[in-house]
Number of protein chains: 2
Amino acid sequence: MATAIASIASRLRAILPADRVLDGPAALIPYAFDASFWSLRARRMPDVVVLPETTDEVAAIVRLAAQTGTPIVARGAGTGQAGGAVAARGGIVIAFAHMRRILAIDRTDLQCVTEPGIVYADLNATLAGHGLFFPPDPGSGRACTVGGMVANNASGPHAVKWGTTSAYVLGAEVVLADGTVIVTGGARSKALKSSSGIDLTKLFVGSEGTLGILTKLRLRVQPRPPARAVVLAAYDVLEDTVRALDDLFAAGILPATAELLDRSAVDALMKWRPDLDLPQGEAVLFIEIEGTKTSVSASVREVEAIVQRRATTTRLAEDEAAIQRLWAARGGLAAATALLFPGKHRIFAGEDLAVPISEIPRTVRRAREIGEETGVTVLFYGHFGDGNVHSGIVIDPEDPDEVRRADELADRLHRLAIEVGGTVTGEHGTGAVRAAYMRAEHGPALDVMRRVKRALDPQGLLNPGKLDLDPGKLDLEVPEG
Amino acid sequence: MATAIASIASRLRAILPADRVLDGPAALIPYAFDASFWSLRARRMPDVVVLPETTDEVAAIVRLAAQTGTPIVARGAGTGQAGGAVAARGGIVIAFAHMRRILAIDRTDLQCVTEPGIVYADLNATLAGHGLFFPPDPGSGRACTVGGMVANNASGPHAVKWGTTSAYVLGAEVVLADGTVIVTGGARSKALKSSSGIDLTKLFVGSEGTLGILTKLRLRVQPRPPARAVVLAAYDVLEDTVRALDDLFAAGILPATAELLDRSAVDALMKWRPDLDLPQGEAVLFIEIEGTKTSVSASVREVEAIVQRRATTTRLAEDEAAIQRLWAARGGLAAATALLFPGKHRIFAGEDLAVPISEIPRTVRRAREIGEETGVTVLFYGHFGDGNVHSGIVIDPEDPDEVRRADELADRLHRLAIEVGGTVTGEHGTGAVRAAYMRAEHGPALDVMRRVKRALDPQGLLNPGKLDLDPGKLDLEVPEG
């Protein structure tokens with residue numbers, strides 16, 4: 001680094017008020033982690049954290065970083081599970097906690113403009129007042145920021161129908177590696193679609209802060225469906241869930257969600273809350289239908305009639321309280337896990353496979369076997385309707401042997417995903433944790449990613465050590481225990 | 001150019017059978033044009049046209065072009081309206097007429113793999129047999145290729161609900177400027193979603209052959225809705241169409257289409273086919289609802305009740321024959337125009353504005369005034385639900401003064417789109433015709449597009465003269481008459 005950190009902090013205080021430049025060790029600690037197990041195992045401290053309030057401040061910070069050769073990492077709420085927002089090589093973390101304004105909401109034009117630091121649930125609460133919603137619904141939606149969602153191309157259960165964050169980003173204000181500010185998707189555009197020029201917006205979506213820093217987001221939003229209903233269906237064998245989903249497709253129906261609970265997850269939930277009275281079977285599906293009240297009422301009965309054919313039991317929930325009870329069961333997995341395995345913790349590692357829908361049964365069966373072979377407890381669930389299989393690894397993180405076996409399990413799960421024609425991450429991002437799999441998954445396309453990276457960040461200062469874009473310098477050494 | 005064209009043609013004949021290398025002037029003529037008025041006014045002949053059948057052949061052709069410094073232009077059906085598939089600087093045109101196979105269709109996994117030369121309607125006819133469809137429906141769907149759609153991020157009436165082509169491209173095999181072949185979206189992936197690495201797929205979508213040549217496409221497809229219904233609604237004033245659409249949004253309803261016919265288009269249609277009995281008014285909307293039979297039946301009545309509030313007349317079509325009659329009316333604009341203005345032609349210029357929905361009335365009113373000020377006949381219609389306003393300019397292309405006035409009209413329409421917060425092209429692409437507006441629309445983001453271009457095509461051989469990516473060499477001189 002060309003300039004001492006103390007000097008950089010003092011120069012940052014010329015850009016920002018002193019209380020928005022943090023460099024005391026205690027103040028920095030929260031920024032050394034995200035939700036990944038990787039980040040919990042070795043503290044990776046940033047040298048300075050800054051809390052800008054305007055794009056101009058961000059640009060000035062980035063210019064200083066460029067002049068001094070200092071790494072720079074953008075950070076939302078730190079809910080990521082791949083180390084994406086952790087400063088793998090130190091330097092400056094730009095935290096967006098102070099840039100959380102909604103700048104415009106326009107129902108007629110089906111869009112809004114926000115700063116990146118706004119929390120997903122807060123945005124949707126405000127949009128709801130306008131009859132609108134922003135569809136991608138990550139599991140961490142009550143905490144994660146919209147900027148982080150865009151940086152990771154996040155999604156969740158409803159991506160089956162609505163797609164991922166990428167489909168809803170119309171444009172972005174971006175601070176480039178040299179501090180230049182651009183607006184993608186048209187400098188002053190409020191158009192809902194465009195075929196003009198190269199689509200830079202989608203290039204920045206999912207690039208995890210390695211190509212530029214997002215400072216404003218222009219998002220497509222949707223009319224909020226006023227009604228929904230859920231069909232719960234239990235199946236004797238996993239393969240029947242695939243057949244049931246295909247039955248729906250054959251009838252021309254794409255549900256809003258098709259959530260899968262594997263037997264491992266159902267068992268955990270039933271021990272935690274027997275009153276939920278979840279049906280028994282190798283797998284349970286949660287199928288949600290959205291629309292107007294009359295259309296949902298018509299559709300949900302068609303759906304139930306179709307999924308009944310192969311199910312052992314189905315249950316229909318039409319009133320909002322009953323629907324919320326079902327979703328609470330699905331959402332209770334973390335609590336159930338904590339209760340069932342006292343002294344152990346669910347860790348985030350190898351947790352976000354996405355495979356072809358037809359390969360889900362084979363993937364889950366093989367993954368269970370790998371869990372047994374490594375002697376590690378693991379639950380499976382996921383967003384079945386788009387092939388996203390989540391694994392919940394449960395270990396005692398103080399037990400070095402269990403940690404070693406969990407490492408092996410996570411590694412083998414990642415390789416399994418690629419082997420069955422899937423990806424190591426469906427919605428959580430690559431970050432540092434999955435960088436080592438980029439060559440296996442992408443082959444020579446990785447070299448093109450690196451060319452794009454070099455073109456936009458020739459000094460390699462934007463979020464270094466992520467996505468395998470700067471090979472030979474990867475900070476993935478795993479300390480024991 | 002480093003090597004004489006005769007020598008390149010003979011070297012191409014070492015790669016491909018002689019009957020798939022065209023260099024006789026008569027054989028080349030069809031490739032000198034697309035549907036743009038720009039291409040009809042001055043013949044831009046390629047030097048050679050090749051018709052490859054495999055990716056290896058395409059790669060060998062591109063390697064030869066790279067070695068000899070020869071421009072290379074990918075071409076689908078030539079239905080484009082912006083000159084994108086016309087060789088603005090000569091060189092080799094790669095025509096994909098022989099690469100039109102469907103390589104895989106998988107309903108359970110909701111995807112298919114095709115070669116780029118397949119015609120959109122042919123793909124959908126085959127998908128229909130599996131209960132599937134590929135949603136983007138460009139107006140040229142019976143002729144255009146899927147490769148061209150991906151290159152231009154094409155769409156059509158149903159993009160209101162389904163989005164544009166970009167949302168459906170999961171991965172692509174791409175031949176790079178040096179002849180290297182990569183696969184984006186995972187080298188062997190069949191995943192439906194991914195957050196792995198930088199999203200190169202979406203970078204190639206819409207880049208019009210300036211960054212690489214598409215040789216295979218992995219596409220997300222959807223269960224085909226088995227039923228639909230259409231509500232036709234007429235309004236006294238344009239502004240009420242915006243209010244009616246917003247009423248639907250407020251009720252949580254996003255229709256599949258919301259097509260607009262401005263009075264100019266309704267008048268033309270009624271003179272052509274009075275039996276269509278279109279309702280009178282400043283504007284008519286076609287609102288289509290899709291789903292299962294029971295859900296459509298429920299929804300369409302809700303929609304009619306809502307749009308009736310502000311409409312002068314509404315009409316409901318539920319049986320397929322009646323629906324097709326209505327769409328035939330919408331599709332009859334070209335025929336109506338030809339009949340009403342004998343000796344004149346509808347030209348494609350300034351034809352693809354997309355503006356914020358709320359700005360459509362102001363845009364159409366101002367556009368009508370510009371038509372009057374320039375003394376040029378122009379009709380307006382479009383995909384109202386996403387702000388896409390098409391203009392149909394009708395002139396005698398042999399009349400130099402009328403051509404000059406049409407040029408002025410098209411130029412002013414493009415500037416108007418940018419001025420009201422829109423884009424010069426919603427779905428047709430930039431090509432050569434709209435390259436001159438890239439700086440005004442994108443500002444400094446254009447420089448980032450150029451950096452990406454240089455990183456992927458340092459010699460500037462891929463579709464030169466398009467998207468303003470190689471400034472100072474643009475072939476936009478307009479010959480008189």
Side-chain angles (χ1 to χ4, degrees), chain A residues 107-109 131 152-153 164 167 182 184 186-200 202-203 206-207 223-226 246 249-250 252 254 292 294-295 298-299 302 354 356-358 386-387 421-427 429-430 438 441-445 448-449 451 455 467, chain B residues 107-109 131 152-153 164 167 182 184 186-200 202-203 206-207 223-226 246 249-250 252 254 292 294-295 298-299 302 354 356-358 386-387 421-427 429-430 438 441-445 448-449 451 455 467:
Chain A
R107 184 174 67 205
T108 304
D109 293 332
N152 288 286
N153 189 19
T164 67
I182 64 165
T184 68
R188 290 174 308 279
S189 182
K190 285 183 68 185
L192 264 181
K193 73 179 189 189
S194 176
S195 286
S196 178
I198 288 174
D199 189 350
L200 294 179
K202 299 287 195 277
L203 178 64
S207 67
R224 189 180 171 81
D246 187 61
F249 296 163
L254 183 72
T292 61
T294 52
S295 74
S299 300
E302 293 181 291
I357 294 173
S358 60
D386 54 24
T423 171
V424 294
T425 177
E427 57 184 26
T430 305
M438 291 300 96
E441 180 168 334
H442 296 289
V448 178
M449 296 178 199
R451 279 155 71 178
L467 279 61
Chain B
R107 186 175 64 206
T108 304
D109 294 332
N152 288 286
N153 189 20
T164 68
I182 64 165
T184 69
R188 292 173 306 281
S189 181
K190 284 182 71 183
L192 264 181
K193 73 179 188 189
S194 177
S195 286
S196 178
I198 288 175
D199 190 349
L200 294 179
K202 299 286 195 278
L203 178 62
S207 67
R224 188 181 172 81
D246 187 61
F249 297 162
L254 184 71
T292 61
T294 51
S295 74
S299 300
E302 293 181 292
I357 294 172
S358 61
D386 52 24
T423 171
V424 294
T425 177
E427 58 183 24
T430 306
M438 291 300 96
E441 182 168 335
H442 296 288
V448 178
M449 297 180 198
R451 278 154 73 177
L467 277 62

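Given the structure is predicted, the values throughout are model-derived calculations rather than measurements. Throughout, protein chains are lettered first and strands after them, A, B, ... in sequence-line order, and every chain is numbered starting at 1.
- Contact count versus chain A (heavy atoms, under 4.5 Å) is highest, among B:Ser207, B:Gly131, B:Ala298, B:Pro225, for B:Ala298.
- Both the backbone and the side chain of B:Leu254 come within contact range of chain A, judged by heavy atoms closer than 4.5 Å.
- At a cut-off of 3.5 Å, with distance as the only test, a side-chain donor of B:Asp246 or A:Thr108 sits close to an acceptor on the other residue.
- For B:Glu302, the part sitting under 4.5 Å from any heavy atom of chain A is the side chain, from C-beta outward, and nothing else.
- With rounding to the nearest 0.5 Å, the separation of CZ in A:Arg188 from NE2 in B:His442 is 11.0 Å.
- For a residue to count as touching a neighbouring chain, one of its non-hydrogen atoms must lie under 4.5 Å from one of that chain's; by this rule B:Met438 touches chain A with the side chain only.
- The structure places CG of B:Leu200 at 15.0 Å from NZ of A:Lys202, a figure rounded to the nearest 0.5 Å.
- Considering every non-hydrogen atom in both A:Ala191 and B:Ala354, the closest pair reads CB-O, 3.8 Å.
- By number of non-hydrogen pairs under 4.5 angstrom with chain A, the leading residue of B:Ala167, B:Gly387, B:Gly422, B:Pro356 is B:Pro356.
- If you tally non-hydrogen atom pairs under 4.5 Å between each of B:Thr292, B:Thr164, B:Asp199 and chain A, the highest count goes to B:Thr292.
- Residues B:Ala187 and A:Gly443 share a closest heavy-atom pair of CB-N, 4.4 Å.
- Between the NZ atom in B:Lys190 and the OG1 atom in A:Thr423 there is a gap of 15.0 Å [rounded to 0.5 Å].
- A:Asn153 contributes no side-chain N or O that, together with a main-chain N or O of B:Ser195, makes up a donor-acceptor pair within less than 3.5 Å.
- Among the candidates A:Val424, A:Asp109, A:Ile182, the residue making the largest number of heavy-atom pairs closer than 4.5 Å to chain B is A:Asp109.
- The choice from B:Gly206, B:Gly426, B:Ala250, B:Ala445 that makes the most heavy-atom pairs within less than 4.5 Å of chain A is B:Gly426.
- Only the backbone of B:Arg224 comes within contact range of chain A, judged by heavy atoms closer than 4.5 Å.
- Taking CG of A:Leu192 as the start and CD1 of B:Ile357 as the end, the distance is 5.0 Å to the nearest 0.5 Å.
- With a 4.5 Å cut-off on non-hydrogen atoms, B:Ser196 touches chain A through its backbone and its side chain both.
- Only the backbone of B:Asn152 comes within contact range of chain A, with heavy atoms under 4.5 Å apart.
- Considering CD1 of A:Ile198 and CZ of B:Arg451, their distance stands at 12.5 Å, rounded to 0.5 Å.
- B:Thr430 places a side-chain N or O within donor-acceptor distance of the main-chain N or O of A:Gly197, the cut-off being under 3.5 Å.
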